[in-house]
Protein chains: 2
Amino acid sequence: MNAKKAVERQTGVALWRQIADLIRLSISNGDYDQTGMVPPEIVLAAQFGVNRHTVRSALAALADEGLVQAIQGRGTIIQRKERLSFPISRRTRFSQGLGGQARETEAKLLAQAVLPAAGEVAAGLKIPPGASCIQLDLVSSADGRPVSCSTSFFPQGRFPAMAEEFERLHSITKAFMAQGLVDYVRVSTELVARHADAAELALLRLSPGAIVIEATAINADPEGVPVQFSRTRFAADRVKLKIDT
Amino acid sequence: MNAKKAVERQTGVALWRQIADLIRLSISNGDYDQTGMVPPEIVLAAQFGVNRHTVRSALAALADEGLVQAIQGRGTIIQRKERLSFPISRRTRFSQGLGGQARETEAKLLAQAVLPAAGEVAAGLKIPPGASCIQLDLVSSADGRPVSCSTSFFPQGRFPAMAEEFERLHSITKAFMAQGLVDYVRVSTELVARHADAAELALLRLSPGAIVIEATAINADPEGVPVQFSRTRFAADRVKLKIDT
DNA sequence: CCGAAATGTCTATTAATATAGACAACAATA
DNA sequence: TATTGTTGTCTATATTAATAGACATTTCGG
């Protein structure tokens with residue numbers, strides 16, 4: 001197991017950031033669970049083959065994220081290590097999926113708009129290009145930490161009060177129910193991973209260089225008629241996607 | 001749409017690398033399909049708010065990947081833009097999945113070993129810890145470009161000739177068939193995205209800072225008995241994972 | 001064939017990153 | 001309480017990343 005932790009120079013990614021990423025990974029892998037602490041700076045410096053100050057920069061970044069806390073004289077203790085397991089299946093729903101893993105989940109409406117469906121959205125929802133659809137931008141959090149941000153489109157003809165119902169109920173599932181749709185299933189999901197852009201860094205409170213997993217999904221009613229086209233970006237270091245087939 | 005392309009300073013990720021990532025994304029999004037060329041360096045520099053030399057560093061990195069080619073006097077032309085769509089379902093198989101998207105697919109055996117199953121592997125395969133299993137390390141390519149590298153474990157008791165059969169047939173599916181297993185299905189898949197480590201950079205021929213999607217999966221025979229535990233790392237900028245439910 | 005527009009190359013300067021070493025401050029413990 | 005093992009802070013230096021400007025070279029269209 002004991003994989004050699006290698007960092008590369010002259011790559012455009014600063015050593016301290018590479019090291020921060022590796023330590024974050026080790027933490028979420030449970031490598032330091034025995035002590036609940038990160039190894040001493042000198043040890044890490046030796047492991048990575050860099051100067052102690054470089055390791056300190058990495059740990060400072062992790063402390064900034066709230067992942068660890070350094071205490072003079074004692075060491076650097078681990079504050080958090082969870083990676084939420086997020087199910088993707090025919091019945092994917094945000095809040096249910098996290099059942100038990102987080103004390104509190106929240107979905108916050110950032111923006112809403114009514115606009116003509118175009119290209120990808122119209123095709124996904126199977127409505128004619130130009131037909132009105134409702135766009136909702138959300139940020140979802142678990143225990144106060146943002147986990148994902150999403151942009152969803154709904155056909156306005158069928159769900160005219162989507163925005164209002166969501167604001168009232170704070171749940172897509174409940175907003176669907178309030179408008180007469182009691183059940184829906186996931187019909188397709190596409191995943192892509194990339195670096196977070198500036199907007200996502202801000203929304204998800206990520207540190208620059210962080211990774212997001214972008215899931216483009218379509219939900220449909222039991223008859224197979226699409227009801228939602230969504231694009232959700234997950235903070236990759238906070239989630240694990242579990243695919244149930 | 002025209003999202004502001006923002007780069008962040010003092011983040012541990014060099015500006016030229018952030019810009020290279022953004023341009024790569026624009027290329028795969030088809031933003032430059034009208035001309036088949038990247039915008040002029042001066043235009044990009046203005047868009048990103050950086051010096052032209054910084055943009056040149058980014059383009060040099062992309063040229064190094066073979067994604068673009070700069071021609072003095074004319075501009076920078078796009079050489080490649082594909083992102084392979086990779087299905088994940090109960091019947092996920094590498095070569096079939098890419099049907100039609102690539103002219104030629106190849107799976108190459110890097111290493112093999114017989115070792116006692118431990119922890120995660122034993123649990124996934126539902127065999128007692130310490131029981132022998134066969135480990136195969138593969139790299140899979142499409143049209144000569146590496147797409148994923150994987151480490152798989154098989155119970156030795158049931159598939160003693162896994163390594164030999166794979167070397168002969170160059171296919172996991174066929175190696176299974178040669179040993180009497182005619183069908184198998186995917187029972188679980190977990191996805192995580194992270195930065196590639198040094199070994200993955202080399203195997204997948206990625207540029208440092210690149211992202212991999214790590215899929216941890218278990219395949220089972222029709223009776224539900226696990227036959228394979230695998231961990232596959234995809235080059236994130238070359239694939240799109242399509243989940244069929 | 002000239003000019004506009006693009007990439008290529010060079011020098012110089014500033015800012016960020018990384019290394020090196022020394023020592024202070026604090027915590028736990030023998 | 002003295003020792004050991006930690007993190008915190010300081011100075012100094014070298015390397016890499018980024019900016020700035022000037023000008024050469026190539027391509028293409030009028």
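Proteins come first, then strands; the chains are lettered A, B, ... in the order of their sequence lines, and each starts at number 1.
Among the atoms of the strands shown, none is found under 4.0 Å from any heavy atom of A:Ile42. Residue B:Thr76 is classed as a sugar-phosphate contact, given heavy-atom separations below 4.0 Å to backbone atoms only. Among the atoms of the strands shown, none is found under 4.0 Å from any heavy atom of B:Leu59.
The shortest non-hydrogen separation linking B:Ile172 to B:Gln228 is CG2-OE1, 4.0 Å. Minimum heavy-atom separation, A:Phe229 to A:Gly124: CD1-CA, 4.1 Å.
Remark: P of C:dA16 and CD of B:Gln18 are 14 Å apart, rounded to the nearest angstrom. Protein atom CH2 of A:Trp16 is 18 Å distant from nucleotide atom P of D:dT16, rounded to whole Å. Computed from coordinates, the A:Arg56 CZ to C:dT17 P distance equals 16 Å when rounded to whole Å. A straight line from CZ of A:Arg52 to P of C:dA22 spans 13 Å, rounded to a whole angstrom. When rounded to the nearest whole Å, the span between CD1 of A:Ile71 and P of C:dC26 equals 14 Å. Atom pair B:Leu44:CG and C:dA5:C1' shows a separation of 15 Å (rounding to whole Å applied). Taking atom CG on A:Asn51 and atom C1' on D:dT15, their separation rounds to 14 Å, with Å as the unit. Residue A:Leu15 contributes atom CG, which lies 17 Å from atom P of C:dA16 at whole-angstrom precision.
Partner of B:Ile78 under the side-chain contact (heavy atoms from CB on, under 4.5 Å) criterion, out of B:Thr35, B:Asp33, B:Val38: B:Val38 alone.
In this model, a side-chain donor or acceptor of B:His53 finds a partner on the base of D:dG21 within 3.5 Å.
Defined by atom type and a distance below 3.5 Å, a donor-acceptor pair is missing between the side-chain atoms of B:Arg231 and B:Thr151.
Of the two residues near DNA chain C, B:Pro40 and A:Gly73, the one whose nearest nucleotide lies more 5' is B:Pro40. For A:Gln72 and A:Thr54, each mapped to the nucleotide of DNA chain C holding its nearest heavy atom, the one lying further toward the 5' end belongs to A:Thr54.
Taking CZ of B:Arg17 as the start and OG1 of B:Thr54 as the end, the distance is 14.0 Å to the nearest 0.5 Å.
In the set C:dG8, D:dT6, C:dA25, the nucleotide with an atom closest to the side chain of B:Glu41 is C:dG8. Comparing C:dT7, C:dA18, D:dA17 by their closest approach to the side chain of B:Ala14 singles out D:dA17. For A:Arg74, counting side-chain heavy atoms from C-beta on, the closest listed nucleotide (C:dT17, D:dT19, C:dA27) is C:dA27.
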